[in-house]
Amino acid sequence: MFEFPQFLTIPLAEWVDAGMSWILTNLGTIFDAIGTSILALLLTIERIFLWIPWIVTILAVGIIAWRALRQWWAGVLFAAMLVLIGSFGYWDLAMMTLAIIFASVIISLLIGIPTGILMARSNIFQSILKPLLDAMQTMPSFVYLIPALMLFGLGKVPAVFATIIYAIPPVIRLTNIGIRQVPKSVIEAAQAFGSTPKQILYEVQIPLAIPSIMVGINQTTMMALAMVVIASMIGAKGLGMQVLLAINRIEIGKGFEAGICIVFLAIIIDRITHAMAARKEYSMSN
Amino acid sequence: MENTALTKGSSQRSQMCIQVEDLWKIFGENVERCFSPEMRASSKATILEKTGCVVAIKEISFEVQKGEFFVIMGLSGSGKSTLIRCILRLIKTTAGRILINGDDICSYNDQQLTHLRRNTTAMVFQQFGLFPHRNVLDNVAYGLKVQGVAEEERYIKAREVIDKVGLKGWENYLPSTLSGGMQQRVGIARALAIEPEILLLDEPFSGLDPLIRRQMQDELIGLQEEVQKTILFVTHDLDEALKLGSRIAIMRDGEIIQVGTPEEVITTPGNAYVREFVQDASPAKVVTAKNIMEQPKVLLYEWQGPKAAMHTFRTTMTNSIFLVSHTGILLGLITLERLVKLIRNRGNSLKEALEPDLPTCTADTVIEELFPLAVSTMHPIPVVDEAGRFMGEIYNSSIMISMIQEKETGETEESDKEESHV
Ligand SMILES: Nc1ncnc2c1ncn2[C@@H]1O[C@H](COP(=O)(O)OP(=O)(O)O)[C@@H](O)[C@H]1O
Ligand SMILES: [Mg+2]
């Protein structure tokens, strides 16, 4: 009696399925091409990370942290964290996770920064993209796994794909904001001296937007890291998968180890990119 | 006021640099509505109320000659910035023509416009508009960079200009580390670096404190004498306009209501608005020595002897006379007292009886600067030209009288106005 009336049923699921299969049959080649390029990039990065001797990686991270944060103890601390990861036996898995993060971030920046620039230059484009970005950021992250799965199947490629979609909004948003908040008086001065629109973009707008873009890069990287853990549900090998396995087998100790490794990676990446962004800001205002 | 004389001379050859003809700039939508005869006769406020359009520039025409220092003065909101931006086409004009060196720039395409901005004009902004991410050197070299000048060459030029504006040693600092006055020097250097024919300045000194401001004004005058550009200078400060301009255009509500030399604006204000504006301006700042100097009744000449001089003193009943050379160069002032002493000591050259520390002025000296001279001496002040030739003398009493007269005319105008109100 109080059941929802049958005639109001909307077969959305069927429509989506139909749409998906249409995409797969008609645009399959395009997604294949995208998939192979993502895979090629990912595997190259992964191979490099795994090839570099662990001691070199640890030293390099220590030195970079020391230079970026201008604090010697930060270098020592971060190096020690990496040593711990290795001592848990997760070195290779950590490098694989890092490779997925790197690949996703690189592709996110390659797409996100130009998109942000376009968005800053066109109010129409901004008004279309803004609600889309809002929606992308409010959606639960594992929702992205579904289309990724459908388009690319199981494995690393859909993981990277889902990570990109999840992580790309901040860099687009902050590139847009960075360029839009360049003072009008400065742009006018550049115009008055006969700069072309292209010169204004490269000589004035982008350089002045860099602090903001750097913050965007930091946020995108952190979101990529968060997503990588979730993406392991669709078969991306790495630290996230260890956590997942440990949960399934109820191995609290193992899960804790893998979890701590992820936290270490998060701290290291966040602090270093954050310091770089802050440094840019400092040199600009000074 | 030397500038005035100069430009008046060259105007006969009439080398026009900027000509603005019936220029309109209206902000808003459907601006055609503002051109109806009814609207043309209405005030800015009425048009805004009826159509929602802001008439920032209303049918303005004026001409600036080559090498002229042209000042546009008006209160905030009178449309000065809009006008100067129209001349660079930083904003699109609504109607009218702007000719630069005879070329209508309103019909320019992007390329021609870029060429004009790169090579002919340069602008200095009130908010400086410096590039915060570039150091002083790169800021100054920016105009050359967009022109495509090689790095080495543009740095040489930039250093030269930085030197000229007195910022040597600051090349590697970011603008934010500099004081306001220094930042505006960077703005001026950036404009000068491209060696523009026309310099546009939009209230460049408004944000600076009075002392720095005065100094910058003096330096700008010095620069103008050195580089001889055509300058269009916008200000809301009358004293600044009077000090700098060879001609001044006074704007109100988007219209130019008077154009003239500083003297003309002060002494014959075009209407009540200008009069009100200039009534606070002290004539001491614009009336010059040549307006009040007089020709002396007698002079002494260097070849005359003391006895002859004494005879001149007796017949004219004065106690001081100027001594000049045979080429008319002023040698000094002889007083009766010193002449008597000379004769008693049997000296035979009048030069031995000269009054020490004689102040002099030129025809362009404004009254304000004559006051301290007048106070320092009891004798008349001689007026000389650049070569030191004697041109006339100024009595202390004339300085006082000129001030009183100005005051009186000011007061009668005041009462005129009251009558007309009734
Ligand atoms: N972009 C704009 N849109 C609308 N109105 C404007 C704009 N720019 C200036 N105005 C108006 O035009 C008038 C002249 O402004 P402006 O040229 O800045 O005056 P000034 O420089 O003399 O202070 C003002 O009434 C101002 O409100
Ligand atoms: Mg203004």
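What you are looking at is a predicted structure, and each value in this text was computed from that prediction instead of being measured. A, B, ... follow the sequence lines: proteins, then strands. Residue 1 opens every chain. Only this structure's heavy atoms are used, side chains among them; waters, hydrogens and symmetry mates stay out.
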Count the heavy atoms of every other residue, nucleotide or ligand shown that sit under 6.0 Å from [atom1] of [X], and state whether that count exceeds 12.
{"X": "B:D110", "atom1": "CG", "value": "no"}
{"X": "A:Y202", "atom1": "OH", "value": "no"}
{"X": "A:F264", "atom1": "CZ", "value": "yes"}
{"X": "A:R67", "atom1": "CZ", "value": "no"}
{"X": "B:E152", "atom1": "CD", "value": "no"}

Quiz item: Given side chains that start at C-beta, do those of A:E188 and B:M123 come closer than 4.5 Å, heavy atoms only?
Solution: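 A:E188 does not reach B:M123 side chain to side chain.
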Exercise. May I ask you to name which of B:F128, B:F131, B:Y173 has the most heavy-atom pairs under 4.5 Å with chain A?
Key: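 Answer, by heavy-atom pair count under 4.5 Å with chain A: B:F131.
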Quiz prompt | Best-contacting candidate, B:R117, B:R89, B:Q111, B:H115, against chain A by heavy atom pairs under 4.5 angstrom | solution =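 Option with the top pair count is B:R117.
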Self-check item: Donor-acceptor pair, side chain of B:R118 and main chain of A:G194, under 3.5 angstrom
Solution: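 Between the backbone of A:G194 and the side chain of B:R118 there is a qualifying donor-acceptor contact (under 3.5 Å).
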Exercise. Report yes or no: does B:R134 contribute a side-chain atom to a donor-acceptor pair with the main-chain N or O of A:E203 at less than 3.5 Å?
Key: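 Checking the backbone N and O of A:E203 against the side chain of B:R134, a donor-acceptor pair under 3.5 Å is found.
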Quick one: closest heavy-atom pair of [X] and [Y], and the distance?
{"X": "B:L130", "Y": "A:V186", "answer": "O-CG2, 3.6 Å"}
{"X": "B:G129", "Y": "A:A189", "answer": "O-CB, 3.3 Å"}
{"X": "A:L208", "Y": "B:P132", "answer": "CD2-CG, 3.5 Å"}

Self-check item: Contacting region of B:L113 [heavy-atom separation from chain A under 4.5 Å]
Solution: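 Interface part for B:L113: neither.
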Quiz item: Hey, what do you get for CD1 (B:I91) to CD (A:Q191), rounding to the nearest 0.5 Å?
Solution: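 If we round to the nearest 0.5 Å, B:I91:CD1 and A:Q191:CD are 11.0 Å apart.
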Quiz item: side-chain contact (heavy atoms from CB on, under 4.5 Å) between B:Y142 and A:S195: does it pass, once the steps are laid out?
Solution: CA-CA 9 Å; B:Y142 183 81; A:S195 316; 2.8 Å; yes
Exercise. Show the numbers, then the answer: is there a side-chain contact (heavy atoms from CB on, under 4.5 Å) between A:F193 and B:K145?
Key: CA-CA 10 Å; A:F193 281 92; B:K145 184 170 188 185; over 6 Å; no
